[in-house]
2 protein chains.
Amino acid sequence: MSTISERRERERAHRHQLIITAARELAESEGWEAVTTRRLAERVEYSQPVLYSHFNGKDAIVSAVALDGFTELAAHLRRARQSAPGPGQAALRAVCHAYLEFATERPALYQAMFILPTDLKFASSETPPALRAAFDEFVDCFDPDNRRRELYAEVTWSALHGMAVLSDSGRIPPEPQEERLDFLVTQITR
Amino acid sequence: MSTISERRERERAHRHQLIITAARELAESEGWEAVTTRRLAERVEYSQPVLYSHFNGKDAIVSAVALDGFTELAAHLRRARQSAPGPGQAALRAVCHAYLEFATERPALYQAMFILPTDLKFASSETPPALRAAFDEFVDCFDPDNRRRELYAEVTWSALHGMAVLSDSGRIPPEPQEERLDFLVTQITR
DNA sequence: ACGACATCCTAGCAATGCTTGGCATTCTGT
DNA sequence: ACAGAATGCCAAGCATTGCTAGGATGTCGT
C-alpha cells in the first residue's frame, strides 16, 4: 500500500464528488431532463464509462445528489427549529417555512430527493441517516410526551410535500402558499 | 358532407379513445415505463405515425389518460361525499378516504394525473372541468359560509397527495395511513 | 527492462420519441 | 366514367438516450 495508491484513492474520491456536484449544477441550471450521461461526462472532462466506474447507472447518480440534498435539508431545518425556543407551534412554523423555502429555491434538488426514481431505500434499516435527521426535525417540534408525534410529523411532512409539489407544477396557485402554511400549522397544533 | 365522412369521423374518434385506453391498460399492468410508442402502436394494431396523427406526442397521450382519470376521480369523490349528509367532518372524511383509495388502487392512473409531465393547463382558465369538479368535492365538504374554504380544500388535497405519494414510494410506511387520515381530518375540521 | 495491472477512451448496441417519403385507396369535378 | 387531387396509412429512417465491450496507453512491482 504505497502513498501513490493513496493519492489515487483521494483523486478517485474527489472525482466521485465532482460528478455529483456537476450533475446537480446541470440539473439546477437546465433541469434534470438536460442531465444526460454524455453531457455529464463532458462536463467533468472524462468519458462516459468513467461515470459507470463510479456509479451503477444514472439513477445512482441521482440518488447521490438526493443524498447530499437530504443532508442540506436536515441542516436547513435544524437551523430553523433552533431559531425558536423548544418544541411548540413556533418551532413547527419555522421548520415548515424552511421546508417550503428549500423546495422552492432548489426545485431540481428537491425533485431528485422526492420525485425522480432513485436507488435509495427509505422505509427500512437502510434509510439514510440524513433523511432520518431531516424527518426528526419535524418530530422534535412536537412534545416529547406525545406518543403519536411521529405520526404527526408524517402528516405535516406529507402536507408540505403536497403543497410544494402541487404549487410547483401549477396544480394549485402559488401565491397563497404562506396562508396555507399558516392554516396548516395552526390546525396541526390544535 | 356525405355519410361516409361521418362514418370516418366516428371511426377516428373511436380509434382515438382506443389509443387512450390501450395506453392506460398498458400502464396499469406494466407501469408507465413500459408504455412506448412502439408497444402502444402494436397494441392498437396500427403503425406509430397513426399515434401522432391523433396526438401531438407521447405527453399528449399521457395527458389524455390523465383527463379521463380526473373525470373518474370526480365521480368517485362525489359518490363518497353524497354518502354522508351535508357538509361537515363526516363528508370530508368520506371524501378523503375515497381519494386515498383511488390513489392506491390505480397507481398508474394517479401517476399520469399528478406526477408525470403532461400538457394539461392547471391554474388557468383552461383548467379541465373534470379537475375543477374533483377539487370542488373537497370544497363542498366545508361550510359554504366559510370564506376560506377553497384554501382549506387546497391544504387538505395537498396533504392527501403527499400521503399518497410518499407512502407509495416507500418514503413513509404505508400501514398507518388510516390513522394519519383520521388525524388529518380531525385537525382540519378543528 | 519487462510482464501484470490499472486507467481511460473510442466505438458501438439496443431502445426511445418522432418524422419523412411514398404507396394505396378514396373522393371530386367535369 | 375517368383523370387528378386528397386522404389514410405504413416501412424505414433520424437523432438521442443509457449503457457496455474491447483495445490503447500508461504505471507498477520485481
Side-chain angles (χ1 to χ4, degrees), chain A residues 1-20 22-24 26-27 30-66 108 111-112 115-119, chain B residues 1-20 22-24 26-27 30-66 108 111-112 115-119:
Chain A
M1 179 71 73
S2 73
T3 61
I4 291 185
S5 60
E6 288 175 9
R7 188 209 60 204
R8 286 245 176 99
E9 204 66 29
R10 271 202 314 274
E11 287 175 348
R12 188 175 170 77
H14 179 259
R15 201 172 49 183
H16 189 89
Q17 193 57 40
L18 181 68
I19 294 171
I20 297 176
R24 174 174 168 171
L26 201 49
E30 304 186 42
W32 279 105
E33 73 281 355
V35 181
T36 69
T37 56
R38 267 166 251 266
R39 288 197 62 184
L40 189 51
E42 190 186 15
R43 186 109 159 192
V44 298
E45 297 180 305
Y46 283 96
S47 69
Q48 272 183 290
V50 170
L51 303 181
Y52 292 88
S53 77
H54 282 270
F55 299 94
N56 266 334
K58 193 185 172 182
D59 285 1
I61 298 179
V62 177
S63 301
V65 173
Q111 255 192 12
I115 299 177
L116 297 176
T118 68
D119 294 347
Chain B
M1 180 71 71
S2 71
T3 62
I4 291 185
S5 61
E6 289 175 10
R7 188 211 60 204
R8 286 247 175 98
E9 204 65 30
R10 270 202 314 275
E11 287 175 348
R12 187 173 170 79
H14 180 258
R15 201 173 49 182
H16 189 89
Q17 192 59 39
L18 182 68
I19 294 172
I20 297 176
R24 173 174 169 172
L26 202 48
E30 304 186 41
W32 279 105
E33 72 281 354
V35 181
T36 70
T37 56
R38 267 165 251 267
R39 288 197 64 184
L40 188 53
E42 190 186 16
R43 185 109 159 192
V44 297
E45 296 180 305
Y46 283 95
S47 68
Q48 271 182 292
V50 170
L51 303 181
Y52 292 87
S53 77
H54 282 270
F55 300 94
N56 265 336
K58 195 186 171 184
D59 285 2
I61 299 179
V62 177
S63 300
V65 173
Q111 254 191 14
I115 299 178
L116 266 43
T118 69
D119 295 347

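- The distance from atom CG of B:Asp59 to atom C1' of C:dT16 is 13 Å, rounded to the nearest whole Å.
- Residue A:Arg12 is classed as having no contact, given no heavy-atom separation below 4.0 Å to the nucleic acid.
- Remark: C1' of C:dC9 and CG of A:Leu51 are 12 Å apart, rounded to the nearest angstrom.
- The interatomic distance linking A:Glu33 (CD) with C:dG17 (P) rounds to 16 Å, in whole Å.
- A:Val35 has its side chain out of reach of A:Arg39: every pair of non-hydrogen atoms, C-beta onward, lies at least 4.5 Å apart.
- Following rounding to the nearest Å, B:Arg15 (CZ) and D:dT7 (P) show an atom-to-atom distance of 15 Å.
- Set against C:dC8, D:dC9, C:dT19, the side chain of B:Tyr52 has C:dT19 as its closest nucleotide.
- Over its length, the helix from C:dA1-D:dT30 to C:dT30-D:dA1 turns its helix axis by 10°, as judged from the five terminal pairs at each end, rounded to 10°.
- Rounded to whole Å, the distance from CD on A:Glu11 to C1' on D:dT27 is 13 Å.
- If you measure from atom NE2 of B:His54 to atom C1' of D:dT7, you get 13 Å, rounded to the nearest angstrom.
- A:Arg39 comes within contact range of no nucleotide atom at all, as no heavy-atom separation falls under 4.0 Å.
- When the nucleotides D:dG18, C:dC9, D:dA12 are ranked by their closest atom to the side chain of A:Lys58, D:dG18 comes out on top.
- Distance from the side chain of A:Thr36 is smallest to D:dT17 among C:dG17, D:dT17, D:dC9.
- In this structure, the separation between CG on B:Leu40 and NZ on B:Lys58 is 9.0 Å, given to the nearest 0.5 Å.
- For A:Arg38, the side-chain atoms get nearest to D:dT17 when compared with the rest of D:dC10, C:dC8, D:dT17.
- In this structure, the nucleotide among C:dC9, C:dT19, D:dG18 sitting nearest to the side chain of B:Pro49 is C:dT19.
- Checked by distance alone, A:Gln48 brings a side-chain donor or acceptor within 3.5 Å of a matching partner on the base of D:dC19.
- Residue B:Glu42 places its CD atom among 12 or fewer non-hydrogen atoms of other residues, nucleotides or ligands, all under 6.0 Å distant.
- For the pair B:Asp59 and B:Thr118, the minimum side-chain heavy-atom distance is 4.5 Å or more.
- The nearest whole Å value for the distance from the OH atom in B:Tyr46 to the P atom in D:dT7 is 18 Å.
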